[in-house]
Amino acid sequence: MLEIYDIHKSFKGLKVLNGIDITVDKGDIISILGPSGSGKTTLLRCMNFLEKADSGKMIFDGKEYDFGQISKRQIAEIRKKTGFVFQNYNLFLNKTAIQNITEGLVIGRKMPANEANEVALQALEKVGLADRRDFYPHQLSGGQQQRVAIARAIATNPEIIYFDEPTSALDPELTGEVLSVIRKLADDGMTMIVVTHELKFARNISSKVILIEDGVIVEQASSDEFFEYPRNERTKEFLKGFDI
Ligand SMILES: Nc1ncnc2c1ncn2[C@@H]1O[C@H](COP(=O)(O)OP(=O)(O)OP(=O)(O)O)[C@@H](O)[C@H]1O
Ligand SMILES: [Mg+2]
């Protein structure tokens with residue numbers, strides 16, 4: 001469904017992505033792990049063109065795109081098929097939960113307002129927040145805000161959703177509700193790439209796990225292989241830091 005070849009990105013001479021390849025099949029749940037500063041966020045942002053990669057190739061639904069010279073029209077075409085969930089939710093603070101979802105549908109997708117409302121409400125139901133539809137972000141817990149952000153991502157019916165550490169801004173007691181919403185999406189067959197430090201969750205949910213260090217892939221394997229039989233010494237070292 002989606003392939004990335006040899007993606008490179010530097011920030012003012014600092015090499016952050018140094019030739020990463022990823023293959024995503026429909027229904028895959030890919031966890032991306034790695035130490036702080038290894039390039040995980042940059043990779044996801046480049047894949048969704050929130051950041052411009054220097055070079056590399058993307059194949060999405062059989063169409064080829066060049067990261068080095070992609071047009072606005074091509075970016076819009078790809079973004080129609082993707083959703084993105086940020087660490088800090090990125091909700092509009094002056095809009096209610098439902099308005100945060102309808103905004104993109106009406107303005108971005110030109111959906112009639114009444115239809116957008118219906119779609120948004122269904123998405124809120126999916127994340128268990130239909131009763132909070134008229135609450136503003138400051139009236140919601142962090143976990144609830146992140147669930148609204150997830151509802152916003154699913155409302156556009158994407159082919160893939162990217163999550164960048166969706167629970168790392170949350171207090172531990174709120175992490176579970178967000179992870180269980182993500183798990184439910186996984187059970188529904190949603191294709192996802194999840195950057196996370198929640199290794200137990202990653203082990204549980206993922207079809208593939210990728211470890212990134214210094215902008216390159218150290219190890220890429222099925223979840224079982226990765227956690228039970230890591231091949232690379234650096235993977236073993238990385239896993240030692242976690243209670244899995
Ligand atoms: N906009 C930017 N300008 C300059 N340098 C940046 C920028 N964004 C990221 N970097 C640098 O790129 C490197 C990788 O950052 P990135 O945010 O991708 O890491 P990460 O793996 O997501 O880390 P974390 O686990 O802490 O979120 C870091 O050295 C960071 O300082
Ligand atoms: Mg990050």
Side-chain angles (χ1 to χ4, degrees), residues 2 4-22 24 28-58 67-68 70 75 78-79 82-91 142-143 145-146 149-150 152-153 160-172 174-175 178-179 182 192-206 208-221 223 226-227 230 232-244:
L2 172 62
I4 303 291
Y5 292 105
D6 202 25
I7 188 167
H8 286 258
K9 170 73 180 171
S10 300
F11 289 109
K12 297 194 187 98
L14 172 73
K15 194 96 195 158
V16 175
L17 300 179
N18 201 359
I20 286 182
D21 301 335
I22 295 182
V24 187
D28 259 347
I29 294 149
I30 300 184
S31 290
I32 299 185
L33 314 179
S36 182
S38 55
K40 305 179 297 296
T41 294
T42 305
L43 173 63
L44 276 197
R45 290 178 61 86
C46 285
M47 286 177 72
N48 210 32
F49 309 97
L50 298 164
E51 199 77 69
K52 192 183 172 308
D54 300 327
S55 63
K57 203 166 81 176
M58 170 184 274
F67 278 111
I70 191 151
I75 291 176
I78 294 168
R79 286 241 187 96
T82 65
F84 202 100
V85 175
F86 299 85
Q87 188 171 353
N88 292 310
Y89 335 130
N90 275 21
L91 297 178
Q145 290 181 60
Q146 190 60 300
I150 294 172
R152 178 176 59 184
I160 183 166
I161 302 180
Y162 303 115
F163 294 84
D164 187 14
E165 297 199 37
T167 60
S168 64
L170 297 173
D171 292 336
L174 298 178
T175 297
V178 171
L179 293 183
I182 298 174
M192 308 191 269
I193 300 185
V194 188
V195 170
T196 185
H197 291 292
E198 298 282 341
L199 264 62
K200 270 187 193 154
F201 175 72
R203 180 177 197 161
N204 228 294
I205 196 179
S206 310
K208 292 181 203 155
V209 180
I210 296 175
L211 175 66
I212 292 182
E213 274 183 17
D214 300 327
V216 296
I217 292 181
V218 169
E219 184 146 354
Q220 167 158 213
S223 180
F226 184 92
F227 288 101
N232 196 299
E233 287 308 315
R234 281 157 72 190
T235 309
K236 292 176 195 166
E237 204 52 42
F238 176 80
L239 290 174
K240 266 188 203 158
F242 293 88
D243 161 37
I244 306 163

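For ligands, and for the atoms within them, numbers begin at 1 and follow the listed sequence. Computed from a predicted structure; not experimentally measured. Atoms considered below: every heavy atom in the structure, side chains included; atoms not considered: hydrogens, waters and symmetry mates.
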Quiz item: Step by step, would you call Lys236 with Glu219 a side chain to side chain contact (heavy atoms under 4.5 Å, CB included)?
Solution: CA-CA 10 Å; Lys236 292 176 195 166; Glu219 184 146 354; over 6 Å; no
Practice problem: Verify side chain to side chain contact (heavy atoms under 4.5 Å, CB included) between Val85 and Gln146, making sure each step is shown before the conclusion. | Solution: CA-CA 8 Å; Val85 175; Gln146 190 60 300; 3.4 Å; yes
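Between the CZ atom in Phe84 and the CZ atom in Phe163 there is a gap of 10.5 Å [rounded to 0.5 Å]. For the atom pair Arg152 CZ and Ile161 CD1, the distance stands at 11.5 Å (nearest 0.5 Å). Atom CD1 of Ile193 is separated from atom CD1 of Ile4 by 7.5 Å, given to the nearest 0.5 angstrom.
When each atom of ligand 1 is checked for a heavy atom of Thr41 under 4.0 Å away, the hits are 17 (O), 18 (O), 20 (P), 22 (O), 27 (O). Which parts of ligand 1 touch His197 is read off a 4.0 Å heavy-atom cut-off, strictly below it: atoms 25 (O).
Lys52 places a side-chain N or O within 3.5 Å of a backbone atom of Gly68 that can act as its donor or acceptor partner. Formation of a donor-acceptor pair under 3.5 Å by the Asp54 side chain with backbone atoms of Ser10 is found in this model.
Contact detail for Asp6 and Gly19: the closest heavy-atom pair is OD1-CA, 3.3 Å. His197 approaches Gly34 most closely through the heavy-atom pair CE1-O, 3.4 Å. The minimum heavy-atom distance between Ile182 and Met192, with the atom names listed, is O-CE, 3.5 Å. When all heavy atoms are compared, the tightest approach of Leu17 to Leu43 is CD1-CA, 3.7 Å.
Within a 4.0 Å radius of atom 31 (O) of ligand 1, the protein has no heavy atom.
Protein N/O/S atoms closer than 2.8 Å to the Mg ion (ligand 2): Thr41 OG1.
Distance from atom 29 (O) of ligand 1 to its nearest protein heavy atom, with residue and atom name: Leu14 CD2, 3.8 Å. Protein heavy atom in closest approach to atom 16 (P) of ligand 1: Thr42 OG1, 3.6 Å. Of all protein heavy atoms, the one closest to atom 1 (N) of ligand 1 is Phe11 CE2, 3.5 Å. Closest to atom 23 (O) of ligand 1, if we only count protein heavy atoms, is Gly37 N, 2.8 Å. From the protein, the heavy atom lying nearest to atom 25 (O) of ligand 1 is Lys40 NZ, 2.7 Å.
At least one heavy atom of Glu165 sits less than 4.0 Å from an atom of ligand 1. Ligand 1 has Ser38 within reach: a non-hydrogen atom of the residue lies less than 4.0 Å from it. Residue contacts with ligand 1: Ser168 is excluded, as none of its non-hydrogen atoms falls under 4.0 Å.
The proximity of Val16 to ligand 1, defined as any non-hydrogen pair under 4.0 Å, is limited to the side chain. The residue Lys12 has no part lying near ligand 1, judged by heavy-atom distances below 4.0 Å.
At a 3.5 angstrom cut-off on N or O pairs, Gly34 does not count as close to ligand 1.
Here Glu237 does not pair with Arg234 in a salt bridge; the nearest charged N to carboxylate O distance is not below 4.0 Å.
Between Thr196 and Leu33, some side-chain heavy-atom pair lies under the 4.5 Å cut-off.
Which of Ser36, Pro35, Gly39, Gly215 comes nearest to atom 26 (O) of ligand 1 through a heavy atom is settled by distance: it is Ser36.
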